Amino acid sequence: MDYRYLAELLYPDVKHDYEYYESLYPVRNLPEGAKVTRIAPSPTGYVHFGSIFPALVSERLARQSGGVFYLRIEDTDEKRKVKGAIEDIIKSFDYFGINFDEGVTLKEQKGNYEPYIQSQRVEIYHTFAKKLVSEGKAFPCFCSEETIENDKQLQAKNKEMIGYYGKYAHCINLTCNEIEKKIKDGKKFVLRFLPDEVTKNNVTVTDLIRGAVTITDDNTGRILIKSDGVPTYHFAHAVDDHLMRTTHVVRGEEWLSSVIFNMQLFLALGFKPPKYMHISTLMTIDGVRKKKLSKRDKGSGLKEYIKNGYAAESVVEYVLTLLNSNYEDWRRANPELHWSEFSFSIKKMGSSGSLFDFAKLNDVSKNVISNMTALDVYNRLIAWASKFDKEFYEKLSYDKEYAIVVLSIGRGGPKSRKDFAVWSELRHYMSFFYDNWFEITDKINEKFSSADIIAALKKFASCYNENDTQDIWFGKIKDIAASLNYCPDMKLYKQNPEAYQGNVGDISMFIRVAVTGRINSPDLYTVMQVLGKERVIVRLKSYCI
RNA sequence: GGCCUGUUAGUCAAGUGGCUAAGACGCCGCCCUCUCACGGCGGAGGCAGGGGUUCGACUCCCCUACGGGUCACCA
């Protein structure tokens, strides 16, 4: 068999020798130890929450080592392409502060290794496919889908390995003439891989997270180039990551079992394989069972988190705690630092899949937000509201200073309040600070007589002075309490609750409900200061009507 | 089903032959306190099961059970 002739027959349009591309995309000039990583999503829909894991790991590895992190779009499946998906990918990662040194952007592609979109690289793939054919390492296959399907059924029935090999590799012995004739007849073909050696042995490969992993040798004649001339994932991966000089491939564990095939391909192409890291799948709980977090699950889309109002840092922070178990300790020790200051370690990564935990995410998020300044919170909140809550946005932008004052309540210092985890909760939290949103939503327990309530409110209304210090302010409440036989001292009250109608806390509660509409609120004194005397009095009086 | 891979409290997890088995979230209680939140203190709760190896196993080996992955002209 004249492989060179065959290669020419199969890929007559290839213009360049593969060496052309080797020199067009030279080895990167980077310091020793610098890692080149990428994420390579396919534009088949919205970005999955799980995508942020490999993205973050890749980003950290590259940035921490002075390397390069880039975005490549793997759009080799025409059928599954979704319009707008690329834009969605870029915007989603941007929201979470994950930026790329090279690759696809909203405007153009940047970097010296372009194109970074696989559908624009077909000629490159064909060049290397041609090389493989000319070396007898790949061959064309003209089998119909029915043939393949029948073989598969038979193999399944006989409990044989499924694939295109041995007696099932019908096209492997086609002569050059036969192939030439089929091509002249306009027959489509796929290009299949013929492994160098068919060993059928178990091979041990190294995964940076899992260590030595044993995988069975792959010799199933897998497809390299589909009949439409576009490569499959594995072939594109080998060519691209070699030519783009990727050093570390970080991907989900669903790829683990194909590492061996990847290795074979790199070897056959004469490439040095990258190092692999397979991240365990994020799980979710379905009733009592753990299962892979899939696109159908609630909380699987990155966009949902944006829409619900999770701060970018909250999500990153949470993911980092899952990725590196010592992250939380570091965060406690360094509350002021940005997450990128953390020194990320591959060694600290676990190899079993973790379960997504909303409670934990929310806790992390509350901490993140409690560490922000009021201005910070305001800026992010309004950015969120401008997209997802127009009415709220209007209020926030109408009086920025006021909103910031409201957001300042209980903020700052080591005991900063932790009232909310997502921006969408702020609307309710802040609502009573706006007159047309204010409403009494909580009821005062019926055990208190309305006469007492009214009396307390009226007394307070008549003596409230917004220039009072907090001590004087509270002293007045205590006086009111005493006058109504509500114990002004909590400790005394607890010793003998029967002796009183209630306590000073109850009086405060009456006032709180009248002023805020709620049983619970941040510090009442401060709330009143923010609302201003006029509104406080109006609310106190209107409650009495 | 074959092959691969994993299993420390409800969840995330330290831990690499010798400790009363860290910590965080959640839960419960107490304290602080005008409520809530915060903070402080305390509590319940765990090495999947069975065999080995060893003076000694959460740690090493085997088996079982139970998760997860993969077996496409999808990535």
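Treat the numbers as computed from the prediction; the structure is a model and nothing was measured. Chain identifiers are assigned alphabetically (A, B, ...) following the order of the sequence lines, protein sequences preceding nucleic acid strands; residue numbering begins at 1 within each chain.
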**Student:** To the nearest Å, how far apart are A:Arg518 CZ and B:A37 C1'?
**Tutor:**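 After rounding, the gap between these two atoms is 13 Å.
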
**Student:** Round to a whole Å and report the spacing from CD of A:Glu328 to P of B:G23.
**Tutor:**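 Spelled out: CD on A:Glu328 to P on B:G23 is 13 Å.
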
**Student:** Which of these nucleotides, B:A13, B:C73, B:G69, is closest to any side-chain atom of A:Val190?
**Tutor:** B:C73

**Student:** Does A:Asp77 come within less than 4.0 Å of A:Arg80, counting only side-chain N to carboxylate O?
**Tutor:**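 Between A:Arg80 and A:Asp77 there is a salt bridge, with a charged N closer than 4.0 Å to a carboxylate O.
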
**Student:** Once you round it to whole Å, what is the distance between P of B:C34 and CG of A:Leu457?
**Tutor:** 19 Å

**Student:** Within this structure, what is the NZ-to-C1' distance between A:Lys415 and B:C31, rounded to whole angstrom?
**Tutor:** 11 Å

**Student:** Using heavy-atom distances to pick each residue's nearest nucleotide on RNA chain B, tell me which of A:Pro231 and A:Met349 is more 5'.
**Tutor:**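 Result: A:Met349.
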
**Student:** By nearest nucleotide on RNA chain B, pick out whichever of A:Trp255 and A:Asp419 is the more 5' one.
**Tutor:** A:Asp419

**Student:** Let me know the distance between OH of A:Tyr525 and P of B:C34, rounded to the nearest Å.
**Tutor:** 15 Å

**Student:** Tell me which nucleotide among B:C71, B:G10, B:C74 gets nearest to the side chain of A:Ile162.
**Tutor:** B:C71

**Student:** With both distances under 3.5 Å as the test, what is the Watson-Crick or G-U wobble partner of B:C3?
**Tutor:**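 Partner of B:C3: B:G69.
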
**Student:** To the nearest Å, how far apart are A:Arg332 CZ and B:A13 P?
**Tutor:** 16 Å

**Student:** With a 3.5 Å distance limit and no angle check, can you tell me whether A:Arg512 reaches the backbone of A:Val515 through a side-chain donor-acceptor pair?
**Tutor:** no

**Student:** Under 4.0 Å between a Lys/Arg side-chain N and an Asp/Glu carboxylate O for A:Asp489 and A:Lys491?
**Tutor:**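 Salt bridge flag = no for A:Lys491 with A:Asp489.
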
**Student:** What interatomic distance, in whole Å, is found between C1' of B:A24 and the corresponding atom of B:C63?
**Tutor:**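 Looking at atom C1' only, B:C63 and B:A24 are 35 Å apart.
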
**Student:** Have A:Ser370 and A:Ser416 got a donor and an acceptor in their side chains that come within less than 3.5 Å?
**Tutor:** no

**Student:** Could you state the OH-C1' distance from A:Tyr486 to B:U35, rounded to the nearest angstrom?
**Tutor:**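 Interatomic distance, OH of A:Tyr486 to C1' of B:U35: 16 Å.
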
**Student:** For a quick check under 3.5 Å, do A:Glu253 and A:Thr281 share a side-chain donor-acceptor pair by atom type?
**Tutor:**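 Distance-only check passes for A:Glu253 and A:Thr281.
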
**Student:** Would you please confirm or rule out a distance under 4.0 Å between OP1 or OP2 of B:C31 and any side-chain N or O of A:Lys491?
**Tutor:** no

**Student:** Counting only side-chain heavy atoms from C-beta out, which of B:C71, B:C34, B:C12 sits nearest to A:Ser354?
**Tutor:** B:C12

**Student:** How many whole angstroms separate atom CD of A:Glu253 from atom P of B:C71?
**Tutor:** 13 Å

